[in-house]
Q: 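Have a look at the structure that comes next, please.
Position 1 is the first residue of the sequence, and the numbers go up from there. No hydrogens, no waters, no symmetry mates; every other heavy atom, side chains included, goes into these values. Predicted, not measured: the structure shown is a model, and the values here were computed from it. In listed order, ligands and their atoms are each counted from 1.
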Amino acid sequence: MAFFGTNGVRGIANEYITPQLAIDVARSLGTYMGSTGVVAIGRDTRASGEMLKSAAIAGALSAGLTVIDVGICPTPSVQYYVKEYADAGIVVTASHNPREYNGIKLIAADGSEMSREGEREIEKIYYSKEFNAAPWERTGDLRHDSNANEFYISGIINSVDHELIREKRFKVVVDTGCGAGSVTLPFLLQRLGCEVITINGQVDGTFPWRNPEPTPDVLTELADIVRKSGANMGVAQDGDADRAVFFDENGEFIEEEIQLAMMAKYVLARKKGPIVTPVSSSSRMLDVAKEAGVELNWTAVGSINVARKMMEIDAVFGGEGNGGLIFPEHQYCRDGAMACAKFLEIIANGQKLSELAQSVPEYFNSKTKVRIEDLPGAMEKVKEVVLSKDNEVDTRDGVKIWYDDGWVLIRPSGTEPIIRIFAESKTKERADELMNEGVELVNSSK
Ligand code: MG
């Protein structure tokens with residue numbers, strides 16, 4: 001199994017994600033970089049963060065890199081910093097995973113996530129344990145920079161219509177979940193002239209009130225305060241604040257797929273150009289693209305694939321249906337705070353979030369999984385059967401079969417011996433039907 005998953009390496013802190021692992025990943029990165037260059041190292045608020053960040057710093061210094069310790073930062077803040085001031089980045093984070101987890105994510109020189117090819121090279125070095133050890137006089141220097149978040153906040157402000165937003169004096173309720181967004185989002189909103197009501201805004205790596213994953217069931221208090229305070233919007237972030245979820249002015253949760261499509265709609269109304277999303281995303285994105293008369297490019301699942309495609313075709317917008325939105329005018333990575341500022345710009349332009357959400361077409365989804373021993377074998381057979389039929393088929397990531405009235409995506413898991421089956425259609429019945437067809441197809445390919 002690959003060392004780096006879809007979002008870096010993750011596991012239980014101090015059991016799997018040990019100081020030794022952090023040292024060795026940083027030494028591998030340093031070796032990969034030829035023992036030269038600057039690496040920015042930051043972390044989210046997890047209790048084990050300081051321990052692992054210190055270890056990563058030691059590893060990078062041992063390889064001869066110059067290290068800039070940027071402290072507690074959202075992942076997109078480290079990425080923004082790397083793009084300007086460093087040759088690579090290390091973020092100690094487990095994103096939305098439960099409290100006890102931690103992990104390491106690597107950032108490329110342009111601020112985007114490390115490419116799969118880069119990760120594979122670094123992985124090879126990690127397992128070979130053949131690290132460059134700098135001679136004593138060339139072990140690295142350590143600097144600290146406490147301005148990374150300020151730099152990041154200014155970057156966002158300059159990427160939206162900040163004057164218009166400021167005029168409106170919005171009221172926004174924020175739940176940063178005690179994660180890394182606690183040190184940026186409330187301050188960004190203040191700078192945008194908002195009255196900010198913050199809950200779970202203290203930095204606390206034990207996450208006393210909710211786990212870092214911002215699901216609607218743990219955000220009832222936020223929704224309540226939006227309603228009672230008459231706020232314009234509610235926003236919650238995951239542990240490393242690259243994703244954000246939103247509540248409209250009525251305190252209603254905006255489903256992430258709808259969030260993605262409504263933002264695409266807003267962006268395309270002002271600027272025409274191609275948009276990008278993974279094959280797992282809802283057809284809402286396709287509808288929005290068709291309506292605007294622009295091209296939609298599908299990619300394999302993973303924000304890095306979306307970001308790279310966006311760069312390649314100069315897309316105007318892209319993102320995943322999990323609350324990870326990418327705005328090229330700011331940077332090529334998921335950015336929850338940027339999405340939040342952009343939603344304020346929408347409201348400032350006179351649109352209610354509830355109305356924009358309702359203008360996005362409705363779809364229903366069904367999903368399940370099938371346990372399977374020979375994953376590659378089964379996927380090959382599924383592909384063979386499907387390609388012999390007349391349907392339009394997309395094999396960019398797993399097998400996606402298009403029908404006139406929906407689609408089914410059959411995708412092997414990267415971490416478990418299971419195949420996931422995900423279907424979408426205009427009615428729940430039809431989505432179930434398509435899902436069941438997918439299950440049958442997988443079962444007959446075992
Ligand atoms: Mg995250």
Side-chain angles (χ1 to χ4, degrees), residues 4-11 13 17 41-49 52-53 70 72-82 89-108 111-114 119 148-149 152 156 174-185 188 200 203-205 207 210-216 218-219 235-246 256-257 259-260 263 277-278 280-281 301-307 318-327 330-340 414-415:
F4 291 106
T6 319
N7 283 295
V9 47
R10 298 222 189 121
I17 305 295
I41 304 186
R43 68 173 183 99
D44 66 17
T45 59
R46 287 167 192 275
S48 54
L52 294 168
K53 186 191 72 178
V70 292
I72 293 177
C73 284
T75 297
S77 174
V78 179
Q79 293 183 276
Y80 197 70
Y81 189 88
V82 168
I90 296 176
V91 192
V92 175
T93 177
S95 187
H96 61 274
N97 285 158
R99 300 168 173 89
E100 63 274 22
Y101 280 72
N102 215 330
I104 294 174
K105 195 176 168 114
L106 300 178
I107 309 301
S112 66
E113 291 166 63
M114 183 66 71
E119 280 186 346
N149 288 325
Y152 165 68
I156 294 175
V174 175
D175 179 349
T176 47
C178 302
S182 306
V183 298
T184 46
L185 189 59
L188 166 71
N200 301 323
V203 167
D204 189 335
F207 303 99
R210 68 166 174 91
N211 256 318
E213 171 84 321
T215 48
V218 296
L219 300 171
V235 53
Q237 291 191 303
D238 74 328
D240 67 332
D242 58 344
R243 291 189 294 126
V245 297
F246 298 90
E256 285 101 320
E257 289 281 2
Q259 180 201 138
L260 175 68
M263 187 57 83
T277 203
S280 53
S281 284
V301 175
S303 63
I304 177 66
N305 300 312
V306 177
E320 308 167 293
N322 61 2
L325 310 189
I326 305 173
F327 300 88
H330 176 49
Q331 59 175 345
Y332 285 99
C333 65
R334 291 184 291 215
D335 194 326
M338 176 64 194
C340 181
T415 51

Q: Assess the side chains of Asn211 and Tyr101: does a donor N or O sit below 3.5 Å from an acceptor N or O?
A: no

Q: Is it true that the side chains of Asp242 and Thr75 contain a donor and an acceptor less than 3.5 Å apart?
A: no

Q: Evaluate the criterion salt bridge (charged side-chain N to carboxylate O under 4.0 Å, His left out) for residue pair Arg210 and Asp175; output intermediate values, then yes/no.
A: CA-CA 10 Å; Arg210 68 166 174 91; Asp175 179 349; 3.2 Å; yes

Q: Scan side-chain atoms only and decide if Ser77 and Asn149 contain a donor-acceptor pair under the 3.5 Å cut-off.
A: yes

Q: Would you say that His330 contacts Tyr80 through its side chain, given a criterion of any heavy-atom pair below 4.5 Å between the two side chains?
A: yes

Q: Could you pull out the N/O/S protein atoms under 2.8 Å of the Mg ion (ligand 1), ignoring any water?
A: Ser95 OG, Asp238 OD2, Asp240 OD1, Asp242 OD1

Q: Can you name the residues that form a side chain to side chain donor-acceptor pair (under 3.5 Å) with Tyr332, not counting sequence neighbours?
A: none

